[in-house]
There are 2 protein chains.
Amino acid sequence: MRDITLKQIAETLGISITTVSKALKNYPDVSPKTRKAVLDLAQSLSYTPNSFAVNLRTKESKTIGLIIPEVVHHFFSNVINGIIDEAEKNGYLVIILQSNESLELEKKQVELLMNKRVDGIIMSLSNESNDDQHIKEILRREVPFVMFDKISKLIPCSKVIINDQKAAFNAVEHLIEKGCRKIAHIRGPVNPQNAIDRFLGYKKALEKNHIPFDPKLVYTCKNVTFDEGKEFAEQIAKEHPDVDGIFVITDLVAVGVLAYFNEVNIKIPEQIKVIGFSNWFMSQVITPKLSTVDQPSFEMGVQSFGLLLEEINAKKELHAFKPRTIELETGIIERESTLKK
Amino acid sequence: MRDITLKQIAETLGISITTVSKALKNYPDVSPKTRKAVLDLAQSLSYTPNSFAVNLRTKESKTIGLIIPEVVHHFFSNVINGIIDEAEKNGYLVIILQSNESLELEKKQVELLMNKRVDGIIMSLSNESNDDQHIKEILRREVPFVMFDKISKLIPCSKVIINDQKAAFNAVEHLIEKGCRKIAHIRGPVNPQNAIDRFLGYKKALEKNHIPFDPKLVYTCKNVTFDEGKEFAEQIAKEHPDVDGIFVITDLVAVGVLAYFNEVNIKIPEQIKVIGFSNWFMSQVITPKLSTVDQPSFEMGVQSFGLLLEEINAKKELHAFKPRTIELETGIIERESTLKK
DNA sequence: ATTGTCACCGAAAACGTTTTCGAAAAGACC
DNA sequence: GGTCTTTTCGAAAACGTTTTCGGTGACAAT
């Protein structure tokens with residue numbers, strides 16, 4: 001039960017390997033008769049080219065690598081979905097690795113993918129990432145590279161992002177419109193650019209609306225979990241019982257906040273209004289339903305692959321390639337947790 | 001900025017490619033002096049073997065394929081997590097494809113992966129799968145193959161499963177213990193083995209407890225969605241207002257059921273008790289918290305890769321390999337939705 | 001001087017494909 | 001029959017690695 005090769009087809013047909021290869025790839029310099037013979041035999045033997053040999057010869061694997069902080073995450077699994085779909089449409093397969101939010105792992109995985117000689121890499125940084133060396137190495141080796149969502153502004157590569165600052169600004173203004181005057185912010189960890197930007201958006205919205213900014217009202221997540229949401233909600237309720245609105249870095253944490261308030265019977269949205277970020281599925285399912293920021297995650301995956309493919313093709317044809325940044329639109333989804341009484 | 005090859009190292013050192021290769025792979029027949037020279041130079045040039053060439057030569061790619069119905073799914077993304085982790089520990093990378101519950105796509109993807117010549121394939125069947133030809137082709141080509149969760153009993157390959165029938169039996173008995181006497185079942189689609197098994201478990205539990213089985217109380221999902229849960233809940237409330245317990249194929253649908261009952265103010269668990277399946281994260285977050293069946297998804301991924309690796313290694317060493325089936329334990333997680341008043 | 005034993009090295013084949021380039025065969029034209 | 005063009009084919013190199021197997025030289029023992 002050996003694998004079929006060009007050689008075998010050539011031998012049974014009494015022609016050369018070259019001609020077989022050409023027939024299969026529709027080269028013009030092979031007669032209709034021989035072409036048909038080759039195609040028929042290849043068909044009946046269900047020949048498929050040995051991709052290892054093709055890779056070696058063509059120096060490409062039609063495979064890309066994807067590194068994300070974690071797969072089990074509503075936002076990221078949607079992005080994965082978009083990337084896989086778009087890649088498959090274009091004849092590419094996707095190898096997925098997760099950094100588990102660890103810089104060390106992230107470095108190892110970049111290394112792994114480059115040694116695998118994938119045709120390109122798509123990546124979203126881990127929260128620990130404040131070191132750029134491994135990323136710069138990708139560029140130095142001229143491996144096509146796209147970052148999405150959690151990016152580094154210092155790296156000159158293609159990017160797919162949302163305007164986190166603007167989105168956060170809108171979210172906080174939404175709270176203000178609904179009547180909130182003392183607004184807390186549960187922010188993401190210190191490193192990630194988007195946590196920083198969302199914080200800045202929060203600050204700007206307060207500023208514009210003449211609400212004094214109070215650093216004591218800002219709580220910083222370490223692991224961005226449901227439990228952290230509960231803990232911070234408790235702190236807020238105890239330290240600042242007059243807070244009437246909270247803008248939370250992401251829905252998972254916001255749901256934790258709601259869970260705590262439900263437990264201690266603080267009424268949402270009557271006493272405190274809450275808005276999250278990313279529109280996780282569970283947000284429309286809990287009580288009260290969580291208002292949030294809509295983030296086009298699937299589309300982000302599609303666009304990320306699109307940019308990567310552009311760069312891969314440019315490289316193949318030896319064009320110069322100028323990195324582009326695509327900024328996707330967000331919107332506010334108003335649900336029960338910010339309803340104005 | 002060309003890639004470093006054995007040849008270049010050999011030339012600058014004035015020795016043969018063979019010796020360089022041997023030095024790097026710790027063959028005994030190379031003197032300590034030359035080995036050191038090679039290792040040092042390789043290090044300073046940051047040489048990494050061309051994996052395309054290695055693949056071709058060794059006939060393996062250290063890459064496996066994974067086909068699942070969909071990535072954006074709490075259960076499957078957890079399995080992915082387990083597989084990726086375990087694979088990476090063993091030096092394997094994972095290509096992920098999703099069938100989107102379509103038999104046609106599933107077939108195409110099996111084809112894709114085999115043509116890529118992955119070292120093995122792990123798979124969970126789509127709901128549409130009632131045709132075995134593409135699976136049999138995997139076995140015919142002797143590609144190491146493991147199925148998990150949604151399996152076909154007719155295919156002789158390694159499997160990682162839970163005892164769906166027993167788990168469902170226990171879930172329904174849990175309802176009975178809590179006082180339910182008229183229990184409906186929202187089941188999965190007709191094809192998947194585990195939907196069938198869970199239905200059988202439901203039936204057996206009724207039987208054993210002398211509750212008459214009424215086919216009218218069984219509702220069959222097509223797409224297994226949140227919305228279907230809401231619809232069926234409405235049907236149950238209208239057609240069988242005296243139903244006091246519902247066993248639901250999976251948490252996502254069960255959450256839909258709760259959502260409807262919350263809307264129309266039917267009290268859970270006082271009027272109707274509900275139990276789901278799989279322990280999705282959101283189940284501990286909604287109101288009331290959903291009782292469910294714990295399914296070790298991460299562990300399923302780990303074990304699946306383990307079995308695949310066994311088979312890969314057996315094949316490499318030309319051992320015979322006998323497929324094994326691993327059955328993982330499940331348990332009941334009791335939360336508010338089945339609380340006995 | 002012969003034989004034997006080691007330690008070390010390298011030539012060469014092999015994996016299966018793609019592509020260049022030259023050559024042979026066939027047909028066209030006078 | 002000779003020349004020229006067109007069609008069709010294949011030899012061979014190349015991609016970079018792994019591994020077999022034989023060879024060389026050094027040294028010791030006889």
Side-chain angles (χ1 to χ4, degrees), chain A residues 1-39 41-42 45-63 91 114-119 141 316-317, chain B residues 1-39 41-42 45-63 91 114-119 141 316-317:
Chain A
M1 203 47 241
R2 297 259 340 287
D3 278 335
I4 310 300
T5 68
L6 292 184
K7 193 174 170 192
Q8 293 173 43
I9 296 182
E11 275 171 3
T12 56
L13 249 44
I15 57 179
S16 77
I17 294 176
T18 307
T19 306
V20 177
S21 174
K22 286 181 182 170
L24 290 170
K25 306 197 79 201
N26 273 328
Y27 273 59
D29 61 341
V30 38
S31 74
K33 196 167 27 153
T34 36
R35 164 166 298 120
K36 181 162 173 13
V38 170
L39 257 44
L41 185 57
L45 296 177
S46 66
Y47 164 83
T48 59
N50 181 314
S51 66
F52 298 159
V54 176
N55 290 347
L56 177 60
R57 181 55 223 229
T58 61
K59 295 177 179 306
E60 58 173 9
S61 58
K62 293 284 184 182
T63 304
M114 290 200 298
N115 291 348
K116 257 278 151 164
R117 281 171 160 74
V118 291
D119 295 346
R141 289 221 225 170
K316 246 196 304 203
E317 292 156 20
Chain B
M1 201 51 236
R2 297 256 342 286
D3 279 336
I4 310 300
T5 68
L6 290 185
K7 195 176 168 192
Q8 293 174 43
I9 296 182
E11 276 169 5
T12 57
L13 250 45
I15 57 179
S16 76
I17 294 177
T18 307
T19 307
V20 176
S21 174
K22 284 182 184 169
L24 290 170
K25 307 196 77 202
N26 274 328
Y27 273 58
D29 61 341
V30 38
S31 74
K33 197 168 24 154
T34 36
R35 163 167 298 119
K36 180 161 174 13
V38 171
L39 257 44
L41 186 57
L45 296 178
S46 66
Y47 164 84
T48 58
N50 181 314
S51 66
F52 298 159
V54 176
N55 290 347
L56 176 59
R57 180 57 223 228
T58 61
K59 293 176 180 308
E60 57 173 11
S61 58
K62 293 284 185 182
T63 304
M114 290 200 297
N115 291 349
K116 256 283 151 162
R117 283 172 159 74
V118 291
D119 295 345
R141 288 223 225 168
K316 246 196 307 202
E317 292 155 20

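Side-chain atoms are counted along with the backbone in the values below, which use heavy atoms only and exclude waters and symmetry mates. A, B, ... follow the sequence lines: proteins, then strands. Residue 1 opens every chain.
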Smallest separation among heavy atoms of A:Ser61 and A:Asn55, with atom names: CA-OD1, 3.4 Å

Rounded to whole Å, please give me the gap between CZ in A:Arg35 and C1' in D:dT8. 11 Å

Quick one, give me the B/S/- string for nucleotides 19-26 of chain D, reading 5' to 3', where B means a protein heavy atom under 4.0 Å from the base and S means that only happens at the primed atoms, P, OP1 or OP2. BBB-----

For the atom pair OG1 (B:Thr34) and NZ (B:Lys22), what is the distance rounded to the nearest 0.5 Å? 10.5 Å

From the candidates D:dC9, D:dT17, C:dT17, the one with an atom nearest any side-chain atom of A:Pro49 is C:dT17

Can you tabulate the close N/O pairs, meaning under 3.5 Å, that link protein atoms to atoms of nucleotides 24-28 of chain C?
none

For A:Leu6 and D:dA12, what is the distance between atoms CG and C1' respectively, to the nearest whole Å? 15 Å

Point-to-point distance, once rounded to the nearest 0.5 Å, from OG of B:Ser46 to CZ of A:Arg141: 6.5 Å

Over the length of the helix from C:dA1-D:dT30 to C:dC30-D:dG1, how much do the five-pair end axes diverge, rounded to 10 degrees? 70°

Mind calculating the distance between NZ (B:Lys7) and P (C:dA11) to the nearest angstrom? 13 Å

Nucleotide D:dC15, atom P - distance to CD of B:Gln8 in whole Å: 10 Å

Is there side-chain contact between A:Asp3 and B:Arg117, with heavy atoms separated by less than 4.5 Å? yes

Provide, to the nearest angstrom, the distance between the NZ atom belonging to A:Lys59 and the P atom belonging to C:dG16. 19 Å

Within this structure, what is the CG-to-P distance between B:Asn55 and D:dT18, rounded to whole angstrom? 11 Å

Look up atom OG in A:Ser51 and atom CG in B:Leu56, then write down how far apart they are to the nearest 0.5 Å. 9.5 Å

For the residue pair B:Pro49 and B:Val54, what are the closest heavy atoms and their distance? CB-CG2, 4.1 Å

Euclidean distance, A:Arg57 CZ relative to A:Asn50 CG, rounded to 0.5 Å: 14.5 Å

Just do the side-chain contact (heavy atoms from CB on, under 4.5 Å) check on A:Leu13 and A:Val38 with the steps written out, would you? CA-CA 8 Å; A:Leu13 249 44; A:Val38 170; 3.7 Å; yes

Quick one: which of D:dT17, D:dG10, C:dC15 gets closest to the side chain of A:Ser16? D:dG10

B:Leu41 side chain reached by B:Tyr47 side chain, heavy atoms, under 4.5 Å: no

Any luck finding a side-chain donor-acceptor pair between B:Lys116 and A:Thr63 under 3.5 Å? yes

Quick one: is C:dG10 close enough that its OP1 or OP2 comes under 4.0 Å of any side-chain N or O from B:Thr19? yes

Rounded to whole Å, the NZ-P distance (B:Lys33 to C:dA7) equals 16 Å

Applying the side chain to side chain contact (heavy atoms under 4.5 Å, CB included) criterion to B:Arg35, which one of B:Asn26, B:Leu24, B:Thr19 satisfies it? B:Asn26

Among D:dG16, C:dT18, D:dG10, find the nucleotide with the atom closest to the side chain of B:Asn50. D:dG16

Selected nucleotide, minimal atom distance to A:Ser31 side chain, candidates C:dC15, D:dT8, C:dT17: D:dT8

I'd like to know if the side chain of B:Ser21 reaches the main chain of B:Ile17, judged simply by a donor and an acceptor atom lying under 3.5 Å from each other, with no hydrogens or angles considered. no

What is the distance, rounded to the nearest whole Å, between atom CG of B:Leu56 and atom P of C:dA13? 17 Å

